[in-house]
Participant: 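Quick one: the structure is below, questions incoming.
Order of the sequence lines sets the chain letters (A, B, ...), proteins ahead of strands, with each chain counted from 1.
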Amino acid sequence: MGGQLGTRVAQLLEARADVDEVVGLDAAPPRRQLRRASFRHLDPADADAVAAFTTDVAPDVVAHLGVEEPHGGASPRTAAERARVGTEAVIAAAAATRRLARVVVRSGIEVYGRGRAHPSVPAEDAPTVPGSPFGRSCLHVEEVAFALGRVAGIPVVALRFAPVVGSHAPSPLGRLLRLPVVPVCAYADPPFSVVHTEDAAEAVVAAVVGDANGPVNVVGVGAATPWQAVRLGGRVPVPVGGPGWALAGALTELAGAPVPPHVGELLRHGRTADGSLAADVLGLRDLHHTQAALAEVFEWASVTPLRAAAVA
Amino acid sequence: VRTAGAFGVDVDRVGEPERIRKMLRRRAAGRFPVDPFGSDPLLHDAVARPAASVSRLDVVGGERIPRIGPVVLLVARRRGVGDAIAVALAVHTAARRRARIVGYPDLPVLGGLARRLGAVRARADDLAGLLRAGHVAVVAKGDDALLEGAAGFPVIPVAVSGVFPGRRRVEVGR
């Protein structure tokens with residue numbers, strides 16, 4: 001519940017009359033004020049503490065969003081460890097209380113992989129062959145959740161999000177695009193889609209209170225290309241190819257925006273998926289357009305320092 | 001059918017021509033629609049409009065191309081990309097829709113340009129996704145494995161006669 005997405009989901013759940021109690025745990029505190037939700041500060045990688053807390057709470061529904069992107073809010077190793085340990089601990093402990101009726105896990109369209117051997121716009125039934133550590137992490141979380149759901153005989157929804165961006169959501173893609181000079185692929189300009197944080201939060205709430213089951217892609221309308229996304233923010237795209245990526249990666253990391261493998265894959269091979277099922281099973285309509293969501297990423301960049309604002 | 005939706009630009013139906021200077025300015029600022037298959041509908045129009053006016057095409061039965069919804073136009077002759085382009089231009093003039101050619105060269109720059117102009121890869125799952133999104137697919141060199149992707153969608157056979165610089169005739173079947 002500590003991330004931008006988790007906090008927003010908690011706020012939306014709080015506002016619903018049909019939700020009795022909202023309880024969250026995370027390694028980071030919530031990012032906004034919560035009114036009736038309670039929160040426990042716990043490291044998701046601490047399996048025993050997580051299991052004990054979950055047993056204590058005995059939830060009816062688990063929404064497991066602790067699948068962070070590498071360099072999103074934590075280092076790649078910590079993010080992967082939290083996803084791996086946290087998923088098993090939370091869902092297994094919740095299932096053992098026998099009250100659990102539904103599980104929702106956060107996954108990503110990174111599970112499909114990209115490139116020649118993969119479909120361009122995969123639907124939910126496409127083979128899952130991730131080509132990046134984050135994709136494998138998402139797939140592992142899904143597999144654990146589906147396996148535990150089968151044993152317990154309860155529905156499990158895996159929300160496969162396109163890269164989640166918003167003006168306040170920390171994401172490696174958003175940070176990269178906000179650099180003044182951004183590396184793009186020299187000989188391809190493949191399409192990618194993103195999903196706005198607000199739409200992602202609404203998808204989680206719809207999955208928690210609805211009756212969906214199985215994997216669902218949650219993808220913003222339309223697409224953009226890396227070159228175009230950089231220009232939408234008024235930044236300068238720099239074409240990079242072959243070994244140039246190693247140098248570009250080192251430079252962006254120095255500039256405070258490391259490029260994890262799944263973002264590199266997005267820049268070189270694109271990343272989209274067919275999001276039409278979400279409209280049917282989650283009732284999600286009027287999602288933000290990819291280019292509108294990207295435009296919001298850039299709005300945050302021009303933060304005016306207080307002193308300069310006072311002078312002006 | 002999800003055809004409209006990219007900043008008011010209908011990604012399926014041909015739009016009004018735009019002044020070149022205005023178009024270049026918008027392109028430099030990144031303000032143009034792109035669909036999930038990587039097609040740039042306004043660039044498609046900008047190329048298809050002059051190409052359709054200079055190529056000598058006789059279209060027979062153009063009214064049989066549906067004005068909305070998914071359809072596969074299957075070219076009977078297997079002569080490759082020239083026939084597919086002729087059918088795509090026929091769709092542009094007769095039905096005012098942006099046809100999507102299935103199959104493009106897997107080369108660095110040329111492939112990317114073909115994708116921008118609306119081509120998709122020759123894969124059954126990509127063809128199925130294209131049709132689910134409600135587009136017109138032109139299949140010129142289709143084998144059975146590819147056409148599995150068209151299962152459940154209308155397929156119209158198309159005959160092309162004549163060779164490129166000369167006069168060509170595109171006949172739409174039923």
Participant: Does Asp211(A) CG have over 12 foreign heavy atoms under 6.0 Å away?
Facilitator: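 Incorrect, the count does not exceed 12.
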Participant: Please flag which part of Ala28(B) lies under 4.5 Å from any non-hydrogen atom of chain A: side chain, backbone, both or neither.
Facilitator: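 Contact with chain A is through the backbone of Ala28(B) alone.
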Participant: So which part of Asp35(B) gets closer than 4.5 Å to some heavy atom of chain A, the side chain, the backbone, both or neither?
Facilitator: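 Backbone only.
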Participant: Closest heavy-atom contact between Phe37(B) and Ser120(A)?
Facilitator: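 Heavy atoms of Phe37(B) and Ser120(A) come nearest at CD2-CB, 4.4 Å.
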Participant: Gln228(A) side chain to Pro33(B) main-chain N or O, any donor-acceptor pair under 3.5 Å?
Facilitator: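 No; zero donor-acceptor contacts below 3.5 Å.
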Participant: In terms of heavy-atom pairs under 4.5 Å with chain A, which of Arg116(B), Arg31(B), Arg27(B) leads?
Facilitator: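 Among the listed options, the one with the most contacts to chain A is Arg116(B).
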Participant: Could you state the interatomic distance from CZ (Arg132(B)) to OG (Ser276(A)), rounded to the nearest 0.5 Å?
Facilitator: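 The distance works out to 6.0 Å.
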Participant: So which part of Arg116(A) gets closer than 4.5 Å to some heavy atom of chain B, the side chain, the backbone, both or neither?
Facilitator: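 Both parts, backbone and side chain.
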Participant: Inspect the surroundings of CZ in Arg67(B) and state if more than 12 heavy atoms from other residues, nucleotides or ligands are less than 6.0 Å away.
Facilitator: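 Yes, the 6.0 Å shell around CZ holds more than 12 heavy atoms from other groups.
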Participant: If you count heavy-atom pairs within less than 4.5 Å of chain B, which of Val230(A), Asp125(A), Thr272(A) leads?
Facilitator: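 Most pairs with chain B among the choices: Thr272(A).
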Participant: Can you name the nearest heavy-atom pair linking Val34(B) to Pro191(A), along with the distance?
Facilitator: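 Taking every non-hydrogen atom into account, CG1-CB, 4.2 Å.
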